[in-house]
There are 4 protein chains.
Amino acid sequence: MTQTSPDAPTSPAAERPMRADARRNRERLLRAARDTFAEQGVDGSLEEVARRAGVGVGTLYRHFPARDDLIEALLHERFERTIAHAESLREGGDPWAAVEAYLRDVLSDAATFRGVAASIKATMHDASTPLGTVCALSRQGWSTLLEWARAEGVVRADADADDVLRVVYGIAWAADQRRARRPDSDPRIEPMLRIVLQGLRS
Amino acid sequence: MTQTSPDAPTSPAAERPMRADARRNRERLLRAARDTFAEQGVDGSLEEVARRAGVGVGTLYRHFPARDDLIEALLHERFERTIAHAESLREGGDPWAAVEAYLRDVLSDAATFRGVAASIKATMHDASTPLGTVCALSRQGWSTLLEWARAEGVVRADADADDVLRVVYGIAWAADQRRARRPDSDPRIEPMLRIVLQGLRS
Amino acid sequence: MTQTSPDAPTSPAAERPMRADARRNRERLLRAARDTFAEQGVDGSLEEVARRAGVGVGTLYRHFPARDDLIEALLHERFERTIAHAESLREGGDPWAAVEAYLRDVLSDAATFRGVAASIKATMHDASTPLGTVCALSRQGWSTLLEWARAEGVVRADADADDVLRVVYGIAWAADQRRARRPDSDPRIEPMLRIVLQGLRS
Amino acid sequence: MTQTSPDAPTSPAAERPMRADARRNRERLLRAARDTFAEQGVDGSLEEVARRAGVGVGTLYRHFPARDDLIEALLHERFERTIAHAESLREGGDPWAAVEAYLRDVLSDAATFRGVAASIKATMHDASTPLGTVCALSRQGWSTLLEWARAEGVVRADADADDVLRVVYGIAWAADQRRARRPDSDPRIEPMLRIVLQGLRS
DNA sequence: AATGAATGAGGATTCATTCAT
DNA sequence: GATGAATGAATCCTCATTCAT
């Protein structure tokens with residue numbers, strides 16, 4: 001009765017779809033954060049993020065009360081795609097190809113939002129943070145994948161899922177040219193990844 | 001006598017013998033920096049360094065105009081030992097053991113101060129900085145060592161010296177617990193290194 | 001009928017009867033403000049007030065354009081009761097008892113919300129504000145009461161009505177524990193009031 | 001030996017008398033704080049204080065790391081004078097005159113640094129703060145004085161030292177015109193104090 | 001009328017670096 | 001040469017108030 005009363009002001013239905021301008025600002029903020037964090041690292045100035053988004057600081061804080069909420073939002077979509085990919089890879093039937101493809105995905109995730117590897121590393125195992133929760137999902141997918149590859153005998157028995165992930169994030173970090181005095185012409189992700197892949201193969 | 005001691009500042013020709021108290025302060029500053037950086041990482045407060053050294057900030061700046069000069073001075077000694085080690089390893093006759101030992105040295109150097117890997121990465125290829133110069137020396141030693149191991153056939157032909165170094169610094173970064181919410185009990189350097197080593201072996 | 005209810009807004013002639021939902025919101029806001037101010041003092045967050053009322057901030061501002069309007073509305077009822085009390089006291093026939101009772105009322109009013117004494121003090125003599133107007137009414141009642149007590153010879157001749165009120169508000173302020181580092185177990189209003197009462201008696 | 005060595009830079013003796021410019025800035029800061037706090041209350045902007053002193057914020061924080069250190073410094077001198085006065089008053093032989101004079105001192109202290117009464121009230125009983133410590137001293141003096149007056153029979157037996165102080169601070173607060181919309185022409189401290197004094201007399 | 005998103009000034013605090021003593 | 005006082009940019013965050021929807 002209450003929700004169908006004539007007093008209900010504007011929204012006809014019960015769900016609140018987020019106002020158009022709010023949604024637009026959210027998008028802008030995410031884009032600005034992506035850029036800013038790429039340049040300054042995930043410690044980058046939030047004030048700067050707001051400025052780039054053409055938005056007041058207050059707006060940023062309304063949308064993302066904590067820095068991690070911003071990072072989490074940044075990663076969420078990507079991670080979900082990666083996890084979905086992992087599942088589809090398992091259906092491909094080639095465990096080694098799957099491992100390769102997955103790690104390339106991870107690197108691509110970490111490279112897209114440069115500097116985010118640091119953040120992931122920091123909260124990777126803290127399920128109490130939103131970011132940690134996303135990471136847990138991602139690690140779960142990778143773990144299953146690796147287990148399978150191990151069972152199929154294409155990966156060394158002693159390779160731990162977390163350790164491999166860590167090295168891969170280390171590669172992402174090493175390839176990150178941010179703050180380098182003389183930018184390397186070549187990010188050289190591939191050669192580094194190849195070393196690791198060969199280290200995994202049994 | 002004083003100016004020929006092994007602690008003489010880096011410039012090859014010292015015009016003036018450096019006053020006794022200046023030398024003493026330099027030593028104190030290095031020691032204080034070592035402690036401070038060990039606790040707070042290489043981003044640690046310089047004011048804190050000066051305080052621990054029992055010296056004014058101004059004095060610190062006179063001796064080490066930039067933070068990197070301080071880091072460089074701290075790494076110099078370590079790096080020289082590592083380079084010397086590389087040479088002695090070549091005399092051991094076992095190229096694979098040499099590669100292993102050397103990379104472990106590198107990791108140990110990088111683990112000295114939290115965050116130092118980032119500094120190294122940033123200036124690695126910039127010979128105009130003091131830190132870059134030290135790195136160049138180090139890379140030279142590693143390059144020769146790897147070449148030898150490759151010639152002996154114990155290391156894959158396609159492994160590039162710089163790429164391997166990068167991955168190893170990536171490992172150091174990944175093992176760095178700074179800013180981690182829930183510090184991992186175990187930095188897990190060994191398992192990560194093992195993956196890389198196995199990736200190098202031919 | 002609706003506009004003659006005791007809850008009608010302060011303006012004497014209400015052109016339009018005020019929509020039912022508007023009236024409901026007004027009530028809710030007052031209730032929420034009462035709670036919030038009781039907890040956080042009169043400096044409490046207005047956003048919080050709106051939230052508790054289950055209403056947007058905008059609505060709050062529509063009903064109460066300034067914080068003082070809210071405070072005024074909250075005090076209005078209390079003050080009216082106090083004024084009425086003053087009149088009934090005069091009928092009691094005991095002027096000293098009346099003075100005592102009245103000042104206790106004032107203290108009780110001022111203790112309603114932390115910090116409200118400051119608001120009262122600030123606008124006490126400014127009849128252009130709604131709060132000031134209420135205060136003027138209140139002071140009028142007190143003045144008459146005191147005059148009577150003076151005429152009856154139970155109160156010193158040199159006691160000025162405003163001065164006494166000021167001291168009493170000062171007591172309310174002194175008893176206010178807001179921001180105290182170590183909250184006093186006992187606000188000690190009574191002993192302070194007793195000093196003042198004894199200072200009044202002739 | 002060490003302190004007489006030729007290395008000792010400027011200060012001939014062992015004590016460090018504070019550099020001339022530092023002392024000057026300290027004075028300026030205190031003056032600026034006095035003014036700023038008078039206008040904005042003790043919650044006044046520290047940035048403003050620094051600006052008025054013609055000094056960077058950093059300088060303010062170097063001299064007074066916490067707001068209370070500033071307030072404490074502001075009160076220290078005054079309080080000491082008041083305490084000394086209390087002692088001299090006891091030698092005067094007239095306990096009632098002493099009580100009167102002392103409370104006038106207290107009011108004068110509280111009025112000089114307007115708004116400071118609030119701060120005193122907040123930390124009055126917290127000996128862990130520097131301000132609380134100063135207050136304790138002050139209260140000690142007053143307590144002794146009052147005890148004496150009580151023993152001499154000129155003050156009511158039931159008057160508690162702390163309660164009286166509280167009312168007096170309440171008077172200071174009530175007389176404070178800061179933030180009043182229509183400043184009262186007359187601070188009216190005297191009439192209020194007289195009420196309290198008469199309330200004390202036995 | 002109601003809503004709540006957006007604003008942005010404002011306040012506290014830190015610290016690398018410079019410079020007067 | 002040594003000292004440490006001074007600087008002030010930079011960062012985080014909060015909240016009263018306005019205004020587009």
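So that the names make sense, note that chain A is the first sequence line, chain B the second, and so on, each numbered from 1.
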What I'd like to find out is whether the side chain of D/Asp69 reaches to under 4.5 Å of the side chain of D/Glu72, using heavy atoms alone.
no

Do C/Leu46 and C/Leu70 have side chains that approach each other closer than 4.5 Å (heavy atoms only, starting at C-beta)?
yes

Side chains of B/Thr112 and B/Phe37 in contact at under 4.5 Å (non-hydrogen atoms)
no

Tell me: CG of B/Leu46 to P of E/dA16, nearest whole Å?
5 Å

Side chain of D/Glu47 (C-beta onward), nearest among F/dA5, E/dA12, E/dA6:
E/dA12

A/Leu70 CG - F/dC12 C1' separation (whole Å):
14 Å

Check whether any side-chain nitrogen or oxygen of C/Asn25 sits under 4.0 Å from OP1 or OP2 of E/dA2, and answer yes or no.
yes

Please determine which of A/Arg23, A/Arg19, A/Arg24 meets the side-chain hydrogen bond (donor to acceptor under 3.5 Å, both in side chains) test together with A/Asp21.
A/Arg19

Side-chain N or O of A/Arg67 versus OP1/OP2 of F/dC12: is the shortest distance under 4.0 Å?
yes

Rounded to whole angstrom units, what separation is found between the CG atom of C/Asp43 and the P atom of F/dC15?
11 Å

What is the distance, to the nearest angstrom, from the CE atom on D/Met18 to the C1' atom on E/dA20?
16 Å

On DNA chain F, check which nucleotide each of C/Gly44 and D/Arg19 is closest to and give me the residue with the more 5' one.
D/Arg19

Does C/Thr59 place a side-chain N or O at less than 4.0 Å from the phosphate oxygens OP1/OP2 of E/dT3?
yes

Using side-chain heavy atoms (C-beta onward) and a distance below 4.5 Å, is C/Ile120 in contact with C/Leu75?
yes

Across all strands, who's sitting opposite E/dA12 as a Watson-Crick or G-U wobble pair, both distances under 3.5 Å?
F/dT11

Let me know the distance between CZ of B/Arg51 and P of F/dT3, rounded to the nearest Å.
15 Å

To the nearest Å, give me how far apart CG (B/Leu60) and P (F/dA5) are.
16 Å

Roughly, in whole Å, what's the span from OH in D/Tyr61 to P in E/dT14?
8 Å

With nearest nucleotide decided by heavy atoms, which residue, C/Gly58 or A/Val55, maps closer to the 5′ end of DNA chain E?
C/Gly58

Opposite nucleotide pairing with E/dA1, Watson-Crick or G-U, both atom distances under 3.5 Å
none

Between A/Arg26 and C/Arg62, who's closer to the 5' end of DNA chain E by nearest nucleotide?
C/Arg62

Measure the distance from CZ on D/Arg23 to C1' on E/dT21 and round it to the nearest whole Å.
15 Å

Scan every strand shown for a Watson-Crick or G-U wobble partner of E/dA6, both distances under 3.5 Å, and answer none if you come up empty.
F/dT17

At less than 4.0 Å, is any side-chain N or O atom of B/Ser45 found next to OP1 or OP2 of E/dC15? Yes or no.
no

Under 4.0 Å from OP1 or OP2 of E/dA6: is there any side-chain N or O of A/His63 that close?
yes

